[in-house]
Amino acid sequence: MVASSVVNTYPLSNYTFGTKEPKMEKDTSVADRLARMKVNYMKEGMRTSVEGILLVQEHNHPHILLLQIGNTFCKLPGGRLKPGENEIEGLKRKLCSKLAANSPSFQPNWQIGECVATWWRPNFETVMYPYCPPHITKPKECKKLFLVHLSEREYFAVPKNLKLLAVPLFELYDNVQRYGPVISTIPQQLSRFQFNMNTQFAAGGGGSVDLLEVQNTGVDTGLTCIHPIPWHEAPESEMGLDKISKGAASTHVPAEATTRHKAY
């Protein structure tokens, strides 16, 4: 576990993104998910889950990597721990499941930092709180968010049925309607850290699975950023993953982009 008040962030274009087999959700609706949670609670007790906050930087501003399911729902990479599983090791396992390639030679170096937030689910409902209400003696879920320190260069493999978004902190801040209470409060939770913006591109920098475009434009890509970023040539995958595309980035910001997006 890495404990530091300084967070080194590197350009998004330092990282290489590929795809892998789809990672299907176990539930088709929120109601199904809550019903399954209730069944598991009866067998194993309170659900314990961990999620990782992965940071990159663009235009000298921190961006968080989020997984998008469909066209609306976004979540941090992570998931439920096995009974008795260590939080750090469990988070590494979940990060590999969500973002690592199916090859031992391409496993990211997950450096798990400190826990920055704890959320509680009092009942089998969607509502969660950053505290356990005093009248609740048997909460149904405890979710912890950990800061993950990324190395200067990494290879990430995104399930083909998901999108990987690079979202700036100013887009998340107070945006409960779009991202929910857990993700929209991350900027406040990170305010006590000092961000060290490393702006130099790594040699032989990264790329992306497909055209990087502005968030919410409906483009079906492996990686989406809310503003155009430069491209860098990257080698083809050695694992049978999709070939990494390269080309000229668009400088056009779609008209439907919100005022937050136009801040750049």
Side-chain angles (χ1 to χ4, degrees), residues 17 19-54 64-102 110 115 117-130 132-133 136 138-146 148 156-167 172 175-186 209 215-216 218-224:
F17 299 88
T19 59
K20 62 181 179 179
E21 69 279 358
K23 192 75 175 178
M24 307 308 296
E25 292 293 313
K26 296 181 180 179
D27 309 300
T28 58
S29 67
V30 175
D32 289 344
R33 182 173 180 271
L34 294 175
R36 183 169 61 88
M37 186 182 299
K38 188 173 184 178
V39 172
N40 289 335
Y41 179 84
M42 299 301 293
K43 296 178 180 178
E44 303 171 355
M46 182 185 71
R47 171 189 171 102
T48 303
S49 56
V50 289
E51 296 179 346
I53 300 175
L54 283 62
I64 292 178
L65 299 183
L66 298 177
L67 290 169
Q68 178 176 310
I69 304 172
N71 295 321
T72 56
F73 181 70
C74 295
K75 66 177 184 178
L76 294 165
R80 181 171 68 95
L81 295 178
K82 298 176 181 178
E85 186 176 21
N86 176 270
E87 293 175 344
I88 304 300
E89 295 305 314
L91 178 55
K92 290 181 179 180
R93 175 178 62 84
K94 283 296 182 180
L95 290 175
C96 286
S97 173
K98 297 295 194 300
L99 293 175
N102 298 325
W110 304 117
C115 177
T118 303
W119 289 79
W120 300 87
R121 190 187 306 275
N123 303 298
F124 297 112
E125 300 173 350
T126 58
V127 180
M128 298 191 76
Y129 300 94
C132 187
I136 299 296
K138 295 181 179 180
K140 305 307 181 286
E141 180 180 5
C142 176
K143 175 185 292 188
K144 293 186 178 182
L145 275 55
F146 287 85
V148 180
F156 298 114
V158 184
K160 292 183 178 180
N161 61 316
L162 303 177
K163 290 181 182 179
L164 187 62
L165 307 182
V167 186
L172 298 178
N175 198 350
V176 180
Q177 183 175 4
R178 165 68 170 149
Y179 297 103
V182 175
I183 295 178
S184 64
T185 54
I186 289 178
V209 174
Q215 184 182 354
N216 298 330
V219 179
D220 186 15
T221 62
L223 172 69
T224 304

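Computed from heavy atoms alone, side chains included, the values below leave out hydrogens, waters and symmetry copies.
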Do [X] and [Y] touch side chain to side chain, with heavy atoms closer than 4.5 Å?
X    : Y    : value
F146 : I88  : yes
K94  : S49  : no
I64  : L54  : no
R47  : R121 : no
V167 : I183 : no
N102 : E21  : yes

Search all heavy atoms of [X] against all heavy atoms of [Y] and return the closest pair with its distance.
X    : Y    : answer
P22  : N161 : CA-OD1, 3.2 Å
P181 : V176 : N-CG1, 3.9 Å
C74  : Q68  : SG-OE1, 4.0 Å
L34  : F124 : CD1-O, 3.7 Å
E25  : I69  : OE2-CD1, 3.4 Å
M46  : P139 : CG-O, 3.4 Å

Spatial distance of atom [atom1] ([X]) from atom [atom2] ([Y]) [nearest 0.5 Å]:
X    : Y    : atom1 : atom2 : value
L91  : E85  : CG    : CD    : 9.5 Å
K38  : K43  : NZ    : NZ    : 14.5 Å
M128 : E141 : CE    : CD    : 4.5 Å
I186 : L145 : CD1   : CG    : 5.5 Å
M24  : K26  : CE    : NZ    : 13.5 Å
N175 : Q177 : CG    : CD    : 7.5 Å

All salt bridge (charged side-chain N to carboxylate O under 4.0 Å, His left out) counterparts of [X], not counting sequence neighbours:
X    : result
D32  : none
K140 : none
K143 : E51

- Cationic N near anionic O, under 4.0 Å, E44 to R80: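 R80 and E44: salt-bridged.
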- Task: Begin with the C-alpha distance, continue with both residues' side-chain angles, and end with the deciding distance and a verdict on side chain to side chain contact (heavy atoms under 4.5 Å, CB included) for L65 and L99.
- Result: CA-CA 11 Å; L65 299 183; L99 293 175; 5.5 Å; no
Could you tell me which residues satisfy side chain to side chain donor-acceptor pair (under 3.5 Å) with [X], sequence neighbours excluded, listed by chain and number?
X    : result
E89  : none
N123 : none
T118 : none

- Query: Judged by atom type as modelled, is there a donor-acceptor pair below 3.5 Å linking the side chain of S184 to the main-chain atoms of G180?
  - Reply: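 Between the backbone of G180 and the side chain of S184 there is a qualifying donor-acceptor contact (under 3.5 Å).
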- Go through the steps to decide whether L66 and Y179 satisfy the test side chain to side chain contact (heavy atoms under 4.5 Å, CB included), and finish with yes or no. CA-CA 10 Å; L66 298 177; Y179 297 103; 4.0 Å; yes
